[in-house]
Amino acid sequence: QPCLSEFGSAGSIFKNPIAGEEVIKMFEQEKDVKCKGRKVPAGWLIDMCDLRGYRVDGVQISDKQANFILNMGKGKAESVVILISLIKQKVRNIFGIQLEEEVEIVDY
């Protein structure tokens, strides 16, 4: 992924969720593509919540691919967990979709 070239990242943070018809229609109209299996990209949902580039301490949602959280130098695991929680809350509040992590969070 191009967003990994400069900064550390755990890769794709969330699984692409299954969405309702209204969200699918929004995605398909905006992107001019068909959803695969009723799933919409988690990164698109995060973008639609205007979170691209949002930062908590030393970690940030990538401004190139919103489903990636980058360590900007001295980021801590706690900041990543806070950012994941914020993303999940925003997406749930706006779209009614509960994102599920693709990464495994271990004791830190």
Side-chain angles (χ1 to χ4, degrees):
Q1 294 290 332
C3 58
L4 299 178
S5 61
E6 293 180 57
F7 306 103
S9 171
S12 182
I13 300 297
F14 298 104
K15 297 176 183 178
N16 291 336
I18 294 173
E21 292 301 321
E22 190 174 315
V23 174
I24 290 171
K25 188 182 234 181
M26 283 175 57
F27 173 77
E28 290 178 343
Q29 287 177 345
E30 181 179 316
K31 297 296 184 180
D32 197 28
V33 296
K34 290 286 182 192
C35 286
K36 295 179 184 174
R38 299 193 51 204
K39 289 187 176 185
V40 294
W44 176 77
L45 293 168
I46 297 165
D47 272 341
M48 296 300 290
C49 293
D50 201 28
L51 291 171
R52 189 181 286 241
Y54 190 88
R55 193 173 190 155
V56 172
D57 298 324
V59 298
Q60 167 183 318
I61 298 171
S62 172
D63 57 2
K64 295 179 182 172
Q65 212 295 14
N67 197 17
F68 283 73
I69 295 176
L70 306 177
N71 185 330
M72 305 306 287
K74 297 188 183 213
K76 296 185 173 157
E78 180 180 9
S79 298
V80 174
V81 171
I82 291 168
L83 197 50
I84 286 172
S85 295
L86 173 84
I87 293 167
K88 290 173 75 171
Q89 180 182 26
K90 288 264 195 176
V91 169
R92 185 176 53 251
N93 288 347
I94 292 172
F95 293 104
I97 294 173
Q98 181 64 45
L99 290 178
E100 183 181 346
E101 291 92 343
E102 195 163 48
V103 296
E104 184 177 338
I105 299 172
V106 295
D107 293 338
Y108 57 94

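Worth knowing before you read on, the calculation uses all heavy atoms, side chains too, and leaves out hydrogens, waters and symmetry mates. The structure presented is a predicted model; accordingly, all values stated were derived computationally and were not measured.
- A side-chain contact (heavy atoms from CB on, under 4.5 Å) with Val80 holds for exactly one of Ile84, Leu83, Ile82; it is Ile84.
- The shortest distance between side-chain heavy atoms of Phe14 and Leu45 does not fall below 4.5 Å.
- Gly43 approaches Ala66 most closely through the heavy-atom pair O-CB, 3.6 Å.
- Side-chain contact check for Leu51 versus Lys90: some heavy-atom pair is nearer than 4.5 Å.
- Annotation for Gly37 and Ile18: closest pair O-CG1, 4.4 Å, computed over non-hydrogen atoms.
- A pairwise comparison of heavy atoms in Ala42 and Asn16 identifies N-OD1, 2.8 Å as the closest pair.
- Of the inter-residue distances, the one linking Lys34 atom NZ with Ile24 atom CD1 reads 10.0 Å to the nearest 0.5 angstrom.
- Residues that satisfy the side-chain hydrogen bond (donor to acceptor under 3.5 Å, both in side chains) test with Asp47, not counting sequence neighbours, are Arg52.
- Proximity of a side-chain donor or acceptor of Ser9 to a complementary backbone N or O of Ile69 within less than 3.5 Å is detected.
- Listed by chain and number, the residues in a side-chain hydrogen bond (donor to acceptor under 3.5 Å, both in side chains) with Asp50 amount to none (sequence neighbours excluded).
- Nearest heavy atoms, Ile46 versus Ile87: CG1-CG2, 3.6 Å.
- Expressed to the nearest 0.5 Å, how far CG of Asn71 lies from NZ of Lys76 amounts to 10.5 Å.
- Here the CD1-CZ distance, from Ile13 to Phe68, works out to 8.0 Å after rounding to the nearest 0.5 Å.
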Which donor-acceptor pairs under 3.5 Å do side chains of residues 26-33 form with protein atoms, sequence neighbours excluded?
unit_1	atom_1	unit_2	atom_2	d
Glu28	OE2	Cys35	N	3.0
Glu30	OE2	Trp44	NE1	3.3

Please table the atom pairs, donor to acceptor, closer than 3.5 Å between any side-chain atom in residues 91-106 and protein atoms at least two apart or in another chain.
unit_1	atom_1	unit_2	atom_2	d
Arg92	NH1	Gln98	OE1	2.8
Asn93	ND2	Gln89	O	3.4
Glu100	OE2	Lys15	NZ	2.9
Glu101	OE1	Lys88	NZ	3.4
Glu101	OE2	Lys88	NZ	3.2
Glu102	OE1	Ser12	OG	2.8

